[in-house]
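Below you'll find the structure, written out as structure tokens, and then a few comments.
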Amino acid sequence: QVQLVESGGGLVQAGGSLRLSCAASGRTFSTYVMGWFRQAPGKEHEFVATISKSGGSTYYADSVKGRFTASRDNAKNTLYLQMNSLKPEDTAVYYCAARIGFAALRSPNEYDYWGQGTQVTVSS
């Protein structure tokens with residue numbers, strides 16, 4: 001098992017930046033594909049980004065491509081999401097998730113462990 005704790009959320013103006021972190025503990029972090037998802041009020045979990053076990057491959061939702069960057073530091077057991085040029089529509093609770101399988105997938109149903117989430121609010 002792995003335990004995940006997100007941090008770094010907050011209130012930011014449109015055009016601003018935030019960096020989210022996801023600290024992992026328990027089973028070896030590098031054995032998991034990691035993903036970022038978000039959930040706005042009244043909506044389902046939405047895929048944001050996923051990153052391979054080594055960090056060598058990343059995939060993004062079209063809505064964040066070019067603005068968000070996912071990375072990981074396996075030595076520090078930490079996943080990151082750098083968010084630039086934030087828009088009001090990015091407002092949501094952001095979750096990190098871990099997947100035991102090999103492929104970096106976009107469906108939240110493919111992820112086995114989830115953090116508690118961190119709120120990101122972007123004001124216009």
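- Ala24 and Val2 get closest at one heavy-atom pair: CB-CG2, 3.9 Å.
- Shortest non-hydrogen contact noted between Phe29 and Arg72 is O-NH2, 3.0 Å.
- Checking side-chain atoms of Arg106 against main-chain N and O of Gly35 turns up no donor-acceptor pair under 3.5 Å.
- Checking side-chain atoms of Glu6 against main-chain N and O of Gly117 turns up a donor-acceptor pair under 3.5 Å.
- How far SG of Cys22 is from OH of Tyr94: 15.0 Å, rounded to the nearest 0.5 Å.
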Output a table of donor-acceptor pairs, distance under 3.5 Å, between side-chain atoms of residues 60-67 and any protein atom two or more places apart or on a different chain; print 'none' if there are none.
residue, atom, partner, partner atom, Å
Tyr60, OH, Ala70, N, 2.9
Asp62, OD1, Lys65, NZ, 3.2
Arg67, NH1, Ser85, O, 2.9
Arg67, NH1, Asp90, OD2, 2.8
Arg67, NH2, Ser63, O, 2.8
Arg67, NH2, Asp90, OD1, 3.0
Arg67, NH2, Asp90, OD2, 3.4

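- In this structure, OH on Tyr113 lies 5.0 Å from OH on Tyr32, to the nearest 0.5 angstrom.
- Side-chain polar atoms of Arg99 and Tyr111 form no donor-acceptor pair below 3.5 angstrom.
- For the residue pair Ala49 and Leu81, the shortest heavy atom distance occurs at CB-CD1, 4.5 Å.
- Heavy-atom minimum distance, Ile51 versus Ser71: CD1-CA, 3.5 Å.
- Formation of a donor-acceptor pair under 3.5 Å by the Thr28 side chain with backbone atoms of Ser30 is not found in this model.
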Practice problem: Applying ring pair (Phe, Tyr, Trp, His ring centres under 6.0 Å), run through Phe37 and Trp114 and close with a yes or a no. | Solution: CA-CA 10 Å; Phe37 295 84; Trp114 292 77; 5.0 Å; yes

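- When atom types are taken as modelled, the side chain of Asn84 and the backbone of Thr69 share no donor-acceptor pair closer than 3.5 angstrom.
- Under a 3.5 Å cut-off, the side chain of Thr50 and the backbone N or O of Met34 do form a donor-acceptor pair.
- In this structure the side chain of Gln119 reaches within 4.5 angstrom of the side chain of Thr91, judged on heavy atoms.
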Practice problem: Check step by step if side chain to side chain contact (heavy atoms under 4.5 Å, CB included) holds for Leu4 and Tyr95. | Solution: CA-CA 9 Å; Leu4 304 172; Tyr95 298 89; over 6 Å; no

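- With a 4.5 Å cut-off on side-chain heavy atoms, Tyr80 and Leu20 do not count as touching.
- Separating the CD atom in Gln39 from the CD atom in Glu44 is a distance of 8.0 Å, to the nearest 0.5 Å.
- Note on Ile100: it does not cluster hydrophobically with Tyr59, by side-chain heavy-atom contacts below 4.5 Å among ILVMFWY residues.
- Contact detail for Ser17 and Gln82: the closest heavy-atom pair is CB-NE2, 4.0 Å.
- Other members of a hydrophobic cluster containing Phe102 are absent, since no ILVMFWY side chain comes under 4.5 Å of it, directly or through relayed contacts.
- Taken from CD in Glu89 to CZ in Arg38, the straight-line distance is 8.0 Å, to the nearest 0.5 Å.
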